[in-house]
Amino acid sequence: MAAYACNNNQSNNLVVYPYNFVDFYPQNANFGVVTPQSLGVINPNLISPSQVLVPCNSPVFLVPSFNFPLNPSVLDQMDEERSLSLVQLMTNEGLVPSTEEEDKRRNVIQKLKEIVLAWVKRVAWQRRLPKEQIAETHATILTYGSYGLGVHGSESDIDALCLGPEFATMAEDFFVVLHNMLKSRPEVSEIHCVKDAKVPLMRFKFDGILIDLPYACLHVLSVPENVDVLNPFFLRDLDETSWKSLSGVRANKCILQLVPDLEKFQPVLRCIKLWAKRRGVYGNLHGFLGGVHLAILVAHVCQNHPKGSLNTLVANFFKTYAYWPWPTPVMLQDPMLPAAGYPSETRSLMPIRLPCSPHEYCHSNITRSTFYKIRTEFLRGHNTTRDLMRPDFDWHFLFEPFPYSKKYARFVRVYLSASNQDDLGDWVGWVKSRFRSLILKLEEVQGLCDPNPTEYIDVDVTEPHIVFYWGLQPGRTNLLDIVAVEKDFLKNIHNGFQGSPGRMGLLVVQASQLSKSSQLDFGSGRRTKACWKNLDYNLPRIPVYSQHLPNYIIGYVDAKADSKYPSAGG
């Protein structure tokens with residue numbers, strides 16, 4: 001087990017942090033023992049300048065005891081077999097979609113492009129542009145996220161960006177005209193407008209596949225289908241919302257250009273995402289690593305080991321980040337960007353630079369608690385994969401679900417409910433977007449906590465609800481004033497929420513009090529996408545008139561919608 005100590009050079013006091021996060025050792029293993037090198041400074045920003053974090057009671061790493069030299073060809077064969085077994089594991093886990101599923105996604109993207117092309121020509125006609133210009137104008141769809149990187153699974157959603165010309169506004173044309181066109185399609189269901197997010201978007205299902213569709217407006221009269229989002233010509237004079245919407249696509253494109261071998265990068269990223277989900281360190285809203293964070297971390301390892309096998313790259317991933325000197329930023333080597341040194345990014349405990357800009361970083365909600373959890377899981381992964389050639393090695397140990405019910409004696413139970421399932425989705429999405437403030441409050445009064453991202457259902461409760469169980473580390477006291485924490489968090493989540501607020505309750509429970517469904521290992525629960533509805537079509541609706549064509553109705557909105565909505569600019 002590993003514990004981290006705060007060594008105060010002035011008073012020589014030693015404060016040992018809890019070590020329950022660590023779960024290192026495979027069972028029934030016949031290993032020799034070696035001691036690792038010092039981890040060095042973990043994060044000097046967490047404590048005063050006169051203190052540093054140093055490892056104490058460092059974890060013991062296990063290596064095989066070979067009493068004979070191994071032939072290099074045998075090692076190569078073992079390496080290939082380990083890589084093949086990892087590919088087989090990914091297939092068995094459903095991480096690689098079938099040919100039919102791939103074809104379905106391609107068809108969805110093609111249909112979306114056709115709809116967007118018809119939409120932009122309609123908008124151009126509403127603007128009374130010349131016929132020749134209407135014929136030439138175009139808009140397009142670009143994919144990003146896991147689908148854009150080619151690492152999506154059989155149940156993954158699609159992140160797609162709608163790129164339109166300068167005359168197509170977000171408020172009127174995207175959220176009204178395109179929204180109504182999509183809603184009228186038989187393939188589209190469960191469509192919502194998410195205006196309150198950092199990146200406004202529409203969320204809907206198209207032929208059963210969940211689509212997240214933000215919008216960016218370029219200062220051109222026509223957006224070519226193969227538009228280069230890294231070309232400065234298309235990035236000039238962008239508004240802040242369009243810039244944020246474009247960041248995911250630009251980051252994806254840079255990563256794909258910078259990795260030395262895409263066929264190795266993709267399976268490694270699939271593996272690391274599975275590991276992160278199983279070990280409870282995946283999910284930006286809970287303060288852990290998101291998809292773009294993992295993609296850049298994996299790409300960095302691939303750049304530094306361009307000839308490595310799948311087997312070797314996974315092992316080097318954990319070796320690299322188990323000993324990474326945070327908060328030194330992780331950044332990809334890009335010959336097109338000027339060498340800017342290490343920028344002063346001190347707000348994040350684990351700064352990861354976006355590859356498309358020398359001064360932009362991935363948005364992060366990482367806190368002191370989640371920082372320790374991620375670090376200890378990196379260490380566990382390194383210990384597990386530091387010798388992949390031992391005869392009894394099994395990839396399944398790396399991906400074992402994190403045993404929350406065995407690790408923690410106490411949990412904070414976060415209970416969210418609403419009157420119906422639709423309202424629950426809105427409410428859960430909003431509350432999750434504020435989770436970081438709750439984690440920080442728990443750290444303030446308790447010490448460290450482990451915000452398990454798994455969503456559970458209490459089978460004894462009939463109302464629509466979601467339950468989270470967050471592990472509590474032994475802190476300053478076992479008496480946690482959860483009522484005060486709940487009161488503070490309720491003020492936060494009720495501030496700014498536009499829909500029908502649901503109910504939220506916090507309760508400290510013992511591990512023995514967990515329901516059977518909550519004692520399952522991580523990975524067995526379900527997830528919901530954050531979602532805020534803008535329009536309810538069962539309510540009275542009012543027409544929205546075009547600003548450019550008198551008496552022309554471009555669509556309808558909820559009668560209770562924001563009065564500024566029809567006239568808002570893009």
Side-chain angles (χ1 to χ4, degrees), residues 109-142 160-185 187-188 191 193-195 199-202 204 206 211 213-229 231-246 249 534-535 537 540-559 561-570:
I109 295 300
Q110 183 57 41
K111 288 181 180 179
L112 276 177
K113 287 185 175 182
E114 294 170 0
I115 294 171
V116 165
L117 181 59
W119 162 74
V120 78
K121 291 185 181 296
R122 176 180 297 184
V123 173
W125 175 82
Q126 292 173 8
R127 297 296 185 272
R128 297 181 174 180
L129 297 181
K131 291 183 178 180
E132 299 78 11
Q133 191 170 330
I134 294 175
E136 295 295 328
T137 193
H138 283 79
T140 192
I141 293 286
L142 298 180
L161 173 67
C162 176
L163 280 174
E166 58 186 357
F167 56 80
T169 65
M170 175 178 288
E172 179 177 316
D173 301 311
F174 180 73
F175 276 129
V176 179
V177 180
L178 181 57
H179 177 276
N180 280 267
M181 289 178 66
L182 287 169
K183 186 178 181 296
S184 67
R185 299 281 298 214
E187 309 98 326
V188 175
I191 186 167
C193 294
V194 187
K195 290 173 58 183
V199 177
L201 53 85
M202 280 192 282
F204 53 91
F206 198 108
I211 308 290
L213 186 69
Y215 178 65
C217 178
L218 304 185
H219 282 276
V220 293
L221 291 175
S222 179
V223 180
E225 184 172 357
N226 59 345
V227 56
D228 181 5
V229 293
N231 188 333
F233 172 78
F234 293 105
L235 304 178
R236 56 195 171 88
D237 301 325
L238 287 182
D239 60 86
E240 183 179 358
T241 300
S242 294
W243 182 263
K244 289 179 179 178
S245 300
L246 272 166
V249 176
N534 268 348
L535 307 179
Y537 294 96
R541 300 170 64 212
I542 59 176
V544 177
Y545 291 90
S546 172
Q547 300 177 34
H548 306 275
L549 286 177
N551 303 320
Y552 181 80
I553 298 175
I554 62 172
Y556 294 85
V557 297
D558 177 7
D562 186 352
S563 61
K564 296 181 180 179
Y565 185 81
S567 61

Only counting residues at least two apart or in another chain, list the ones meeting side-chain hydrogen bond (donor to acceptor under 3.5 Å, both in side chains) with K121.
none
Nearest heavy-atom pair of [X] and [Y]: which atoms, and what distance?
{"X": "F234", "Y": "D228", "result": "CD1-O, 3.5 Å"}
{"X": "T140", "Y": "V116", "result": "N-CG1, 4.0 Å"}
{"X": "C162", "Y": "L178", "result": "SG-CD2, 4.3 Å"}
{"X": "F175", "Y": "A171", "result": "CB-O, 3.6 Å"}

So does F233 get a backbone contact from the side chain of R236, meaning a donor-acceptor N/O pair under 3.5 Å?
yes
Under 3.5 Å donor-acceptor, S245 side chain and A216 backbone
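Looks like no, no N/O pair under 3.5 Å.
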Output the distance between atom [atom1] ([X]) and atom [atom2] ([Y]), rounded to the nearest 0.5 Å.
{"X": "L201", "Y": "I211", "atom1": "CG", "atom2": "CD1", "result": "11.5 Å"}
{"X": "E166", "Y": "R127", "atom1": "CD", "atom2": "CZ", "result": "11.0 Å"}
{"X": "R122", "Y": "M181", "atom1": "CZ", "atom2": "CE", "result": "4.5 Å"}
{"X": "K113", "Y": "I141", "atom1": "NZ", "atom2": "CD1", "result": "8.0 Å"}
{"X": "N180", "Y": "K183", "atom1": "CG", "atom2": "NZ", "result": "7.5 Å"}
{"X": "T241", "Y": "M170", "atom1": "OG1", "atom2": "CE", "result": "5.5 Å"}

Minimum side-chain heavy-atom gap [X]-[Y] below 4.5 Å:
{"X": "V194", "Y": "V199", "answer": "no"}
{"X": "L161", "Y": "V229", "answer": "no"}
{"X": "V220", "Y": "V227", "answer": "no"}
{"X": "I115", "Y": "F206", "answer": "yes"}
{"X": "H138", "Y": "E225", "answer": "no"}

Using the ring of each side chain (for Trp, its six-membered ring), is W119 parallel, tilted or perpendicular to F174, with breaks at 30° and 60°?
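Ring orientation of W119 relative to F174: perpendicular.
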Taking only residues two or more places apart in sequence or in another chain, which ones pass side-chain contact (heavy atoms from CB on, under 4.5 Å) with P165?
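Once residues adjacent in sequence are excluded, the partners of P165 under the side-chain contact (heavy atoms from CB on, under 4.5 Å) criterion are V120, T137, A139, F167, A168, V223.
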Would you please test L112 and L182 for side chain to side chain contact (heavy atoms under 4.5 Å, CB included) and show each step?
CA-CA 9 Å; L112 276 177; L182 287 169; 4.1 Å; yes
